[in-house]
Number of protein chains: 2
Amino acid sequence: MLIETTMEMENAASILKLLGDQTRLTMVKMLESHDYCVCEFVAVFHASQPAISQHLRKLKDAGIVKETRKGQWMIYALNPNSPYFTLVQHILQHVPDQDYRIKELEEQGLRVSCD
Amino acid sequence: MLIETTMEMENAASILKLLGDQTRLTMVKMLESHDYCVCEFVAVFHASQPAISQHLRKLKDAGIVKETRKGQWMIYALNPNSPYFTLVQHILQHVPDQDYRIKELEEQGLRVSCD
DNA sequence: AGATTATATAATAATTTACTTATATATAAT
DNA sequence: ATTATATATAAGTAAATTATTATATAATCT
């Protein structure tokens, strides 16, 4: 309900709000290392598939991630062409590494062969 | 309702969520230049005093800002001792300068003499 | 073609958020 | 002391958010 702020400020705030969610922030941090399909996120977060899909949709709508179909799978990746890419990168510097999650998946044999 | 994230991740996400609000993000950007009292924020944002107070409370609870009483006024400042200070600084680099707001206040004679 | 797998979307419910209005507290001024 | 000013807090409400369940779509496999 706020009027007295610039357009750019609005955009910056909306990016921060998007990343101000544990699930989405973790996803984006994971995508810093490499790409993932939806079902891998579902396995990592023990979350429902629609919940994951909806988070990815928001990230995609904001242009932070991009999607590519690969057979049955949708592969998500960071979008380096986003005007907020460097902001995202700076933020991720302060976020704990999530590579252990993938190792867990692989050890449990839950890593799908979508790549 | 998410389990599978680290504690640090939770903290990082909550800081981003806090800054993911136009009013609070603008406040914090303003505080990068210098300190302000509550009534100046009220004048800048054309918002109600309780609304401003509540935003400042959240920033204070998160340790991002600190307050000092100066007579009748409460002066708010960035807290350089916050463990998230450098994160906040990095984020603010991507946020448009807000110094024009103060100039507006001064020109309109609305700048209170709380400092 | 029919069944299976991966994903998206729609509708809905629960929770959270950010206001509002009303009131309390604390300092300053008369 | 009383009044005024600055700020905080409490209670209530409307809007936004995030999950769930059910269903649709799209590619693959038999």
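Just the heavy atoms: all of them, side chains too, but no hydrogens, waters or symmetry mates, feed the values below. First the proteins, then the strands, lettered A, B, ... as listed; each starts at 1.
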Is the phosphate of [N], meaning OP1 or OP2, less than 4.0 Å from a side-chain N or O of [X]?
| X | N | value |
| --- | --- | --- |
| A/Y76 | C/dA6 | no |
| A/Y36 | C/dT7 | no |
| A/H55 | D/dT17 | no |
| A/R57 | C/dT9 | yes |

Name the closest nucleotide to the [X] side chain, picking from [options].
| X | options | value |
| --- | --- | --- |
| A/P50 | C/dT7, D/dT9, C/dT9 | C/dT9 |
| A/Q72 | C/dT9, C/dT7, C/dA6 | C/dA6 |
| B/Q54 | D/dA8, C/dT20, C/dA8 | C/dT20 |
| B/M74 | D/dA26, D/dT21, D/dA8 | D/dA8 |
| A/K58 | D/dT7, D/dT17, C/dA18 | D/dT17 |
| B/S53 | C/dT17, C/dT7, D/dA8 | D/dA8 |
| B/Q49 | D/dT18, C/dC19, D/dA8 | D/dA8 |

Send over the distance from [X] [atom1] to [N] [atom2], rounded to a whole Å.
| X | N | atom1 | atom2 | answer |
| --- | --- | --- | --- | --- |
| A/K70 | D/dT28 | NZ | C1' | 16 Å |
| A/L56 | C/dA6 | CG | P | 16 Å |
| B/H46 | C/dT20 | NE2 | C1' | 19 Å |
| B/F41 | C/dA18 | CZ | P | 16 Å |
| A/E67 | C/dT9 | CD | C1' | 13 Å |
| B/W73 | C/dA26 | CH2 | C1' | 13 Å |
| A/R69 | D/dA26 | CZ | C1' | 5 Å |

Applying a 4.0 Å non-hydrogen cut-off, can you work out what B/K17 is touching in the nucleic acid: base, sugar-phosphate, or nothing?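 Sugar-phosphate, no base atom in range.
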
Centroid-to-centroid, A/Y76 to A/Y36, below 6.0 Å?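 Here the rings of A/Y36 and A/Y76 have centres that are no less than 6.0 Å from each other.
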
If the test is side chain to side chain contact (heavy atoms under 4.5 Å, CB included), which one of B/H55, B/R57, B/Q49 qualifies with B/S53?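 Output: one option passes, namely B/Q49.
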
Could you check which nucleotide pairs with C/dT30 in any of the strands shown, counting Watson-Crick or G-U wobble with both distances under 3.5 Å?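 Partner of C/dT30: D/dA1.
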
Can you find a side-chain donor-acceptor pair between A/R101 and A/Q98 that sits under 3.5 Å?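 Result is yes, a qualifying pair exists.
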
